[in-house]
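One structure is given here, and the rest of the page talks about it.
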Protein chains: 2
Amino acid sequence: MTFKKMGESMNRVREYRRAKKLSQMALAEEIGVARQTINLIENGKYNPSLDLCLKLAWVLDTDLNTLFWRDEDEEK
Amino acid sequence: MTFKKMGESMNRVREYRRAKKLSQMALAEEIGVARQTINLIENGKYNPSLDLCLKLAWVLDTDLNTLFWRDEDEEK
DNA sequence: TAAAAGTGTCAAATATATATGACTTTTAAG
DNA sequence: CTTAAAAGTCATATATATTTGACACTTTTA
């Protein structure tokens with residue numbers, strides 16, 4: 001299992017979701033979004049909106065900084 | 001001057017932009033986005049994408065947590 | 001080992017973020 | 001006070017996030 005770098009951002013949604021023993025479906029419902037949306041985000045296929053990111057952080061009991069970061073350009 | 005709560009998120013983009021003495025135009029150019037986009041975000045008129053948020057945090061020398069937060073539902 | 005639940009993915013439709021160009025109003029300098 | 005830059009805003013157009021429904025593949029559990 002290797003990592004695919006498709007977008008410009010990376011995230012730990014899957015990790016945090018599993019820690020809470022939620023399925024993609026369950027998480028999607030809690031947040032009020034489609035299951036596919038969660039799936040695509042976890043697989044880095046696209047670029048969620050800020051609101052969605054905030055809801056994810058909220059439901060997963062974490063914050064934006066720990067959940068999302070940019071993959072390229074490393075440190076400043 | 002009073003605050004309008006239009007979206008579900010709040011931000012300190014204007015504050016951090018001014019601290020760097022950048023106009024909306026200058027910031028927009030640095031990030032590669034339209035000036036109106038910056039304007040709308042600063043005024044809470046919509047919901048930027050995660051990539052844009054990350055670029056903003058990057059250019060403004062800060063991070064997601066300090067730049068963006070949800071206005072409603074306060075603390076958990 | 002069979003069934004069920006969870007996940008990846010595709011195509012088509014819809015909602016909305018973002019772009020472009022123009023114009024008005026506000027703010028900052030001279 | 002006058003002017004120019006900066007900021008707010010509108011309408012139209014485009015790109016893309018998100019939805020819906022469906023189906024195959026994989027993992028879990030009975």
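None of the values given here were measured: they were computed from a predicted structure. In what follows, every heavy atom counts, from backbone to side chain, and hydrogens, waters and symmetry copies are set aside.
- Of the residues B:L50, B:L56, B:L54, the one that meets the side chain to side chain contact (heavy atoms under 4.5 Å, CB included) test with B:L52 is B:L56.
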Check residues 25-42 of chain A and write down every donor-acceptor pair under 3.5 Å in which the side-chain atom is one partner and the other belongs to a residue at least two apart or another chain.
unit_1: A:N39; atom_1: OD1; unit_2: A:N43; atom_2: ND2; d: 2.6
unit_1: A:E42; atom_1: OE1; unit_2: A:R14; atom_2: NE; d: 3.1
unit_1: A:E42; atom_1: OE1; unit_2: A:R14; atom_2: NH2; d: 3.2
unit_1: A:E42; atom_1: OE1; unit_2: A:R17; atom_2: NH2; d: 3.1
unit_1: A:E42; atom_1: OE1; unit_2: A:Q24; atom_2: NE2; d: 3.1
unit_1: A:E42; atom_1: OE2; unit_2: A:R17; atom_2: NE; d: 2.5
unit_1: A:E42; atom_1: OE2; unit_2: A:R17; atom_2: NH2; d: 3.3

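- At its two ends the helix from C:dT1-D:dA30 to C:dG30-D:dC1 runs along axes set 60° apart, each axis drawn from five pairs and the angle rounded to 10°.
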Quiz item: What one-letter contact string describes nucleotides 11-20 of chain C from 5' to 3', where B marks a base within less than 4.0 Å of any protein heavy atom, S marks contact via sugar-phosphate atoms alone, and - marks no contact?
Solution: ------SBSB

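- Every residue two or more places apart in sequence or in another chain that forms a side chain to side chain donor-acceptor pair (under 3.5 Å) with A:T62 is listed here: A:T66.
- Using a cut-off of 4.0 Å between Lys/Arg side-chain N and Asp/Glu carboxylate O, B:D51 and A:R70 are scored as not salt-bridged.
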For nucleotides 26-30 of chain C, which of its nitrogen or oxygen atoms have a protein nitrogen or oxygen under 3.5 Å away, and what is each distance?
none

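- Note that CG of B:L64 is 9.0 Å distant from CG of A:D63, once rounded to the nearest 0.5 Å.
- At a threshold of 4.5 Å between non-hydrogen side-chain atoms, the residues A:F68 and A:C53 count as touching.
- Between the CD1 atom of B:I38 and the P atom of D:dG8 there is a distance of 12 Å, rounded to whole Å.
- Within the structure, a side-chain polar atom (N or O) of A:N39 is placed less than 4.0 Å from OP1 or OP2 of C:dG8.
- Atom CG of A:L50 is separated from atom P of D:dT18 by 11 Å (rounded to the nearest Å).
- Regarding A:R14, its CZ atom lies at a distance of 13 Å from the C1' atom of D:dT27, rounded to whole Å.
- Using modelled atom types, no side-chain atom of B:D71 and backbone atom of B:S9 make a donor-acceptor pair closer than 3.5 Å.
- Heavy-atom distances under 4.0 Å link DNA chain D to no residue of residues 21-30 of chain A.
- For the atom pair CZ (A:R18) and NZ (A:K21), the distance works out to 11.0 Å, reported to the nearest 0.5 Å.
- The side-chain heavy atoms of B:L60 and B:R12, taken from C-beta on, include no pair separated by under 4.5 Å.
- The backbone N or O of A:L67 sits nowhere less than 3.5 Å from a side-chain atom of A:N11 that would complete a donor-acceptor pair.
- Residue contacts for B:R17: at a heavy-atom cut-off of 4.0 Å it reaches the sugar-phosphate backbone alone, with no base atom in range.
- A:N43 has its CG atom 17 Å from the P atom of C:dG6, to the nearest Å.
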